[in-house]
Amino acid sequence: MDKSRQQHLTRWLRQQRRFAGRWLRLNTLLGMVSALLIIAQSGLLASLLQALIIDQQPRETLTVSIVLLLLCFVLRALINYARELTGYRAGQAIRQALRQQVLDRLSALGPAWIQGKPAGSWATLLLEQIEEMQEYYARYLPQMTLAVLIPCCILLTIFPLNWTAGLILFATAPLIPLFMALVGMGAAEANRRNFLVLARLSGNFLDRLRGRETLRLFHRVEAEQQAVADATTDFRQRTMDVLRLAFLSSAVLEFFASLAIAVVAVYFGFSYLGELHFGDYGQGVTLFTGFLVLILAPEFFQPLRDLGAFYHAKAQAVGGADAIEAFMQATPDVVPQDGQQPFTADRAIALDADELRVCAPDGQVLCGPLTFTIAAGEQIALVGQSGAGKTALMNALLGFLPYQGSLKANGIELRDIRRSDWHQQLSWVGQNPQLPATTLRDNIVMNAAWNGERFATLLESCGINEFLPRLPRGIETQPGDGGNQLSVGQAQRVAVARALYKSSHFLLLDEPAASLDALSEHHVMLALNQAAARQTTLMITHQIDTLSRWQTLWVMEAGELVQQGNWQQLSQQPGAFSEMLKHRQQEIR
């Protein structure tokens, strides 16, 4: 990572402070109060030693000073606890805000863009990389301010007592941030590489888990195990490189701090021996002055040492910010726009398309030009070979892909409609059923109003009652992670029931019977055929021999609609549909 990139990411990280400005300011204020207590504590301790050893004062006369000293210890402990709490709150607020930004961005881009990367990389971005910013905001950022203010306060205390000691501390202080910056540059680059490897490792590992059955089928288990082991070893070595740099940074800071404190101690030692006669403004070096300076000397370097100890947090944050900022800035040239016009419908939806071209997020045309009309309440089956553009058209209708030309719903341009309002009018069933809610009941009802009669009817018509008795808790059964407590056919029946339970005016079906057994396919298609008669419906399917009852058939080829008509018309005329039908009949034989 070049220097300009690091500086840009550092500025970006600081800009995020606005999400927790109050907590950060309070944390810095508490740090300053703690520093003033340290100075007061050191002064009280030095004055007690001066009184007891040099002035030979009775201990009874020093009760007030002893009580104040104990009070300083207690207050410092309480303030340190409050600093930890406010620092955590600051980091938490910023992490939540960053995750919200990423999630909002992913929501705006839509699933058609998200599926371009493995799920593991998104999980790493949202969890690991944002989590690594906690220490930066909780500790490093407030410490940057304290590393300037606290040494200044200590110098203001020391210089009136002994200018030589103050000058020694002032001259050696810049060495620490200088070497800290030199070591930190390498640490930031190592962290960036580490995050890239972690993202790739997470994505590859999750993909291998999902495809474990396929790997076992093709006898690739041992080879993939070795690949995961090699990748893990590489990641472990890179992590050790980061830790090595962190330890090196700490060692450098400790060396220069110890050297400066030793020089101060040597100066006072020779001053007490009468060998040095400067720096005390002609008043002589007292025990109070020497002891106070020697107590404050480590405290003078402590903020800088803490900053160095937390510098690895900055390196981690810069490494994590590289991917997050790049993602936030990597806006496709063409993205589906969320319009502002409200949209409601009290009847089936009609669609009109004129020279419609569906585009990928990067602007590449996926299909088109398409010109068509879907009448309100019409049922259309869309067929075509894989890659013909059917799914791209479906994603455009769902509002997940941008388009050129015109696509109107009830006379309103789709890109101008508020996406949340448009989705309220849609029901959708895909090839891979997703059951995110806790129970089967919740997965069907979701956010819709409860209607017991409609719910019971759908359980029967979708064939859910057929397998409910075999589940441990019936309709209250938890489907498990990814619906693993149900078969694919059972999960698809639940997904169909969910789509039909929702009061919608446009039903979109993307091969709802794909990968289903004969019984599940019968239940699913029967329920969908009944529902299609009550609303506008568009279904993508490859099972063209079962579409004789559908009103309209569309045939797509190379991104264009090449045929439109009913079953009888298309099956009798030469063209893509008749060829597909003949091929399907040969497969059945």
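In this text, all values refer to a predicted model and were calculated from it rather than measured experimentally. One-based numbering along the sequence shown.
- Residues Tyr136 and Pro142 share a closest heavy-atom pair of O-CD, 4.4 Å.
- Ile168 contributes atom CD1, which lies 12.0 Å from atom CD1 of Ile261 (distance to the nearest 0.5 angstrom).
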- [ ] Please assess Leu98 against Arg95 for the test side chain to side chain contact (heavy atoms under 4.5 Å, CB included), listing each intermediate value before the final yes or no.
- [x] CA-CA 5 Å; Leu98 288 175; Arg95 284 184 291 120; 5.7 Å; no
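- By the 4.5 Å heavy-atom criterion applied to side chains, Leu407 and Glu413 are counted as neighbours.
- Taking 4.5 Å as the limit, some side-chain heavy atom of Val264 sits within range of a side-chain heavy atom of Leu169.
- Listed here is the closest heavy atom pair of Pro303 and Leu146: CB-O, 4.0 Å.
- In this structure, the side chains of Gln134 and Tyr88 come closer than 4.5 Å at one or more pairs of heavy atoms.
- Between Leu44 and Cys72 the shortest heavy-atom distance is CD1-SG, 4.1 Å.
- Of the candidates Leu296, Thr289, Ile295, Leu292 forms a side-chain contact (heavy atoms from CB on, under 4.5 Å) with just one, namely Leu296.
- The two residues Ala495 and Pro433 have their closest heavy-atom pair at CB-CB, 4.0 Å.
- A cation-pi contact links Arg415 to Tyr403, judged by a cut-off of 6.0 Å to the six-membered ring centre and 45° from its axis.
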Open item on the list: Apply side-chain hydrogen bond (donor to acceptor under 3.5 Å, both in side chains) to residues Gln425 and Asp421 and explain how you reach the verdict.
Closed with: CA-CA 7 Å; Gln425 308 303 320; Asp421 290 352; over 6 Å; no
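- Gln41 places a side-chain heavy atom less than 4.5 Å from the side chain of Phe73.
- Once rounded to the nearest 0.5 Å, the distance linking CG of Leu126 with CG of Leu106 reads 6.5 Å.
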TODO: Could you give me the CA-CA distance, side-chain angles and deciding distance for Asp280 and Ser271, then say whether side chain to side chain contact (heavy atoms under 4.5 Å, CB included) is met?
DONE: CA-CA 10 Å; Asp280 54 9; Ser271 296; over 6 Å; no
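- With rounding to the nearest 0.5 Å, the separation of CG in Leu24 from CZ in Phe19 is 12.5 Å.
- Between the side chain of His423 and the main chain of Arg418, no donor-acceptor pair closer than 3.5 Å is present.
- To the nearest 0.5 Å, atom CZ of residue Arg14 and atom CG of residue Leu9 are 12.0 Å apart.
- Proximity of Phe327 to Gln101: side-chain heavy atoms (C-beta onward) are nowhere separated by under 4.5 Å.
- Ion pairing of Arg5 with Asp322 is present here, as a side-chain N (NZ or NE/NH1/NH2) and a carboxylate O approach within less than 4.0 Å.
- Taking both residues in full, the closest heavy atoms of Ala323 and Gln129 are given as CB-OE1, 3.1 Å, listed atom of the first, atom of the second, then distance.
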TODO: Please test Asn80 against Glu84 for side-chain hydrogen bond (donor to acceptor under 3.5 Å, both in side chains), starting from the C-alpha separation and ending with a verdict.
DONE: CA-CA 6 Å; Asn80 286 336; Glu84 290 291 326; over 6 Å; no
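- Using modelled atom types, one side-chain atom of Asn27 and one backbone atom of Arg83 make a donor-acceptor pair closer than 3.5 Å.
- Interatomic distance, CH2 of Trp422 versus CG of Leu397, reported as 7.0 Å (0.5 Å rounding).
- Remark: the backbone N or O of Ile38 is paired with a side-chain donor or acceptor of Ser42 at under 3.5 angstrom.
- At most 12 heavy atoms of other shown residues, nucleotides or ligands fall within 6.0 angstrom of atom CZ in Phe170.
- Between Phe301 and Thr172, some side-chain heavy-atom pair lies under the 4.5 Å cut-off.
- Residue Ala165 comes nearest to Val293 through the heavy atom pair CB-CG1, 3.7 Å, listed as atom of the first residue, atom of the second, then distance.
- Proximity of Met133 to Gln16: side-chain heavy atoms (C-beta onward) are nowhere separated by under 4.5 Å.
- More than 12 heavy atoms of other residues, nucleotides or ligands shown are found within 6.0 angstrom of CZ on Arg99.
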Open item on the list: Using the rule given for side chain to side chain contact (heavy atoms under 4.5 Å, CB included), can you reason through Leu366 versus Leu401, listing the C-alpha separation, both sets of side-chain angles and the distance that settles it, and then say yes or no?
Closed with: CA-CA 10 Å; Leu366 299 177; Leu401 280 179; 3.8 Å; yes
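- Heavy-atom neighbours of Asn447 CG from other residues, nucleotides or ligands within 6.0 Å: at or below the threshold of 12.
- Here Arg59 contributes atom CZ and Leu48 contributes atom CG; the two are 12.0 Å apart, rounded to the nearest 0.5 Å.
- Ring geometry, Phe278 versus Tyr267: the interplanar angle falls from 30° to 60°, so the pair is classed tilted.
- The neighbour count for Tyr272 OH, taken as heavy atoms of other residues, nucleotides or ligands under 6.0 Å away, is above 12.
- Without hydrogens or angle criteria, Asn443 side chain to Ala437 main chain gives a donor-acceptor distance under 3.5 Å.
- When side chains are defined from C-beta on, Leu426 does not count as touching Ser504, because their heavy atoms never get closer than 4.5 Å.
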